[in-house]
Number of protein chains: 2
Amino acid sequence: MISAEPYLKTQRVAQALGVSVSTIKRWVDSGMIQAARTVGKHRLIPFSEALRLAREQGFPEANLALLSGLASRPREQGDAGSPVDCLERLLREGKRTEARSFLQAYYRSGVGAVGLADDLIRPVMERIGHGWMVGSLDIYQEHEATETLTSGLRELVTRLGPGRPEGPLALGATTEGDPYVLPGLLGELVLLELGWRVRNLGINLPLRSLAVATLKHRPRLIFLSASYIRNEDEFVKEYRSFHESVAAVGAAVIVGGQALGPSLRSRLLFAGHGDRMAHLAEFARRFSPPAESPMLGDAGL
Amino acid sequence: MISAEPYLKTQRVAQALGVSVSTIKRWVDSGMIQAARTVGKHRLIPFSEALRLAREQGFPEANLALLSGLASRPREQGDAGSPVDCLERLLREGKRTEARSFLQAYYRSGVGAVGLADDLIRPVMERIGHGWMVGSLDIYQEHEATETLTSGLRELVTRLGPGRPEGPLALGATTEGDPYVLPGLLGELVLLELGWRVRNLGINLPLRSLAVATLKHRPRLIFLSASYIRNEDEFVKEYRSFHESVAAVGAAVIVGGQALGPSLRSRLLFAGHGDRMAHLAEFARRFSPPAESPMLGDAGL
DNA sequence: GATCGAATCGTCCAAATCGTCCATTCGATC
DNA sequence: GATCGAATGGACGATTTGGACGATTCGATC
């Protein structure tokens, strides 16, 4: 269960990040952490800010469990094996609540959205997909696994909040005919964690419509997931038209997904491509705080 | 009614501002917050005061709306008209956070899952769908609206929890080729509220696989939503095979969705049919022992 | 109108945070 | 090796906050 505690005090954040209270206070005062103040001048740090800082600064030993008020979970039954093994087992057995708890506990352990996506969810869903192919799993089990993960990820997305109001904007979408929600959700999570504002337009979106949204919202980044493409030639044609709108507003496109093999990619124009969320994160970092954030100027951390 | 209750109690404000109840009481007593009193000395804090405090503390307004589980908003902007009008406007304008808050506030106002589904979400989505048809809305806006509602509904589902362990089991699914997630989520919400355990197998599920799941989990009820059917004859054939499995475990099937017109329905065997969630609820009540409804209170967030 | 659980009341005190100052540490530079 | 600037961690009294307590009020239900 996700803690309902929305704001953290200095000591909590200090413990979580492994620094002193004084340092947290100084970081807040210098603007590195955006925090509100109580009438009595106490600092209130939004959960999302603490989490963003923890990931951005790359605290490997950050005890993110403290951020959520989550006591370190004792090893329960079923925790044997690697995290991937464990989650796969829970999903196969249809243990939704347990799977969701495990998912969120894993996230809290400090791996961040990228680790969650690339090291846990992706391999698990590959295995489940494989099990479905070879017949050891029924379709409904694959559906149920997706449903469970979707539910857990949406909870995390909601928890991370709408993003920083002044953060750069990213649009996310999945191509027409593509029914896979998980990549879009994971992308949203990754970018939220990096301080972006994200509008995830969901699955099965025609590129024409994504172009309209691009012109209207003028994002700095667009992440497009394509796990399935009905007609490649038609897709390429629509993509080129779409890319004109993108160029018009100066946005960057990063594409991903199994459907975009090398041959197809060679016919498209985009700023980045990646199979993993790590690629998306790396890419986004180059685009996120270059101009406006004074926080990186003083600290070469 | 959504627009009643112009005052907030101490606890609400405390949660919204991220401080304790004691602090709110002290602030009111010291005059920092102007508040009225009931005859029994309870503090009544005008929403505008809470809003002012939130601004002074430096929190974005959206946070306040989200965290206070807002049952009422000031009439400043946007709340004019019926709840349907209001939610439609928020969705059209892409105000996700506000729309989600509104959705949840509406639910908390006591209408229950059935009222939420039939009186708010269904008409709103009909309007949005209509706007898309006539071209006043782009596809991405329809997608975004669905995305927003999905997110809000999932949050409610998660909070209603996995259902009572001893409650009767229901399976939910949406037919193959049907991409609409909302009916399934609403059905899940309705049944959870009635004390059922629910396994929602999600969209785009072949009936063959639903049959397998039925044999394995042996539910008492199956709710099947069909907004789109590719091939009616094939569907009828598969449905009959599916219904054998259903009969084998003694489950009841209730079907719904636009795709199931009268002519098609006459060819199918089911225990119930309904266009509205009220039908599903009524039907489910007959199949489950009288259960107290675990309506979600204000303590959810 | 009577009843009952949940929320709030007022009051109290321990605990946490405030701002400030200073010693220490760590690189970079001279 | 010495020096300097920047960042950190800890200590100080003053202030603010959070939680506990029994009594009271609210609100929903019968």
Side-chain angles (χ1 to χ4, degrees), chain A residues 3-33 35-46 49-50 53-54 56-59 61-62 66-67 69 294-301, chain B residues 1 4-33 35-46 49-50 53-54 56-59 67-69 71-72 107-112 115 193 290-301:
Chain A
S3 157
E5 195 172 321
Y7 307 115
L8 306 164
K9 301 293 193 61
T10 48
Q11 192 180 39
R12 202 69 170 287
V13 179
Q15 289 174 354
L17 299 186
V19 297
S20 73
V21 173
S22 293
T23 302
I24 296 297
K25 293 196 290 188
R26 214 173 304 111
W27 285 356
V28 169
D29 295 344
S30 73
M32 283 180 63
I33 303 178
R37 292 284 193 140
T38 292
V39 172
K41 305 297 182 188
H42 283 205
R43 298 167 181 88
L44 297 176
I45 300 167
E49 274 294 292
L53 190 77
E56 265 180 18
Q57 309 276 2
F59 285 88
E61 299 144 21
L66 286 175
L67 287 181
M295 71 181 72
L296 284 188
D298 31 332
L301 311 174
Chain B
M1 240 332 144
E5 189 185 336
Y7 293 104
L8 304 169
K9 302 289 192 64
T10 49
Q11 192 177 39
R12 268 289 171 71
V13 179
Q15 289 176 354
L17 300 184
V19 296
S20 72
V21 173
S22 293
T23 302
I24 296 298
K25 292 195 291 189
R26 207 176 308 108
W27 287 355
V28 169
D29 295 345
S30 71
M32 287 170 178
I33 304 178
R37 294 277 192 152
T38 68
V39 286
K41 303 294 184 187
H42 283 204
R43 299 168 179 87
L44 296 177
I45 301 166
E49 278 293 291
L53 256 290
E56 281 179 11
Q57 286 195 182
F59 283 109
L67 293 167
S68 61
S72 64
Y107 177 65
R108 286 206 196 82
S109 73
V111 296
E193 207 180 78
E292 315 154 16
S293 92
M295 255 289 293
L296 200 54
D298 291 338
L301 233 183

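The chains referred to below are lettered A, B, ... by the order of the sequence lines, with proteins before strands, and numbering in each begins at 1. The figures here come from the full heavy-atom set of this structure, side chains too, leaving out hydrogens, waters and symmetry mates.
OP1 or OP2 of D:dG19 has not a single side-chain nitrogen or oxygen of B:S20 nearer than 4.0 Å. Contact between the side-chain N/O atoms of B:S22 and the OP1/OP2 oxygens of D:dG18 is not found at any separation under 4.0 Å. Under 4.0 angstrom from either OP1 or OP2 of C:dC18 there lies at least one side-chain N or O belonging to A:T10. For the pair A:T38 and D:dT16, the criterion of a side-chain N or O lying under 4.0 Å from OP1 or OP2 is not met. Put simply, B:R37 has a side-chain N or O that comes within less than 4.0 Å of OP1 or OP2 on C:dG10. Taking side-chain N and O atoms only, A:K9 has a distance below 4.0 Å to OP1 or OP2 of D:dG18. The phosphate of C:dC9 (OP1 or OP2) has a side-chain N or O of B:R43 nearer than 4.0 angstrom. For A:W27, no side-chain nitrogen or oxygen approaches OP1 or OP2 of D:dA7 to under 4.0 Å.
Using a 4.0 Å cut-off between charged side-chain N and carboxylate O, B:D29 and B:R37 make a salt bridge.
The interatomic distance linking B:L8 (CG) with D:dC26 (C1') rounds to 16 Å, in whole Å. When rounded to the nearest whole Å, the span between CD1 of A:I24 and C1' of C:dG19 equals 17 Å. If you take CZ of A:R26 and P of C:dC18, they are 13 Å apart, rounded to a whole angstrom.
Taking a pair as Watson-Crick or G-U wobble with both distances under 3.5 Å, DNA chain D forms stems of 3 or more consecutive pairs at C:1-30 with D:1-30.
Put simply, the side chain of B:K25 and the base of C:dG10 share a donor and an acceptor less than 3.5 Å apart.
Looking only at distances, no side-chain donor or acceptor of A:T38 sits under 3.5 Å from a matching main-chain atom of A:G40.
When each of A:I33, A:V28, A:V21 is paired with A:T10, the side chain to side chain contact (heavy atoms under 4.5 Å, CB included) condition holds for A:V21 and for no other.
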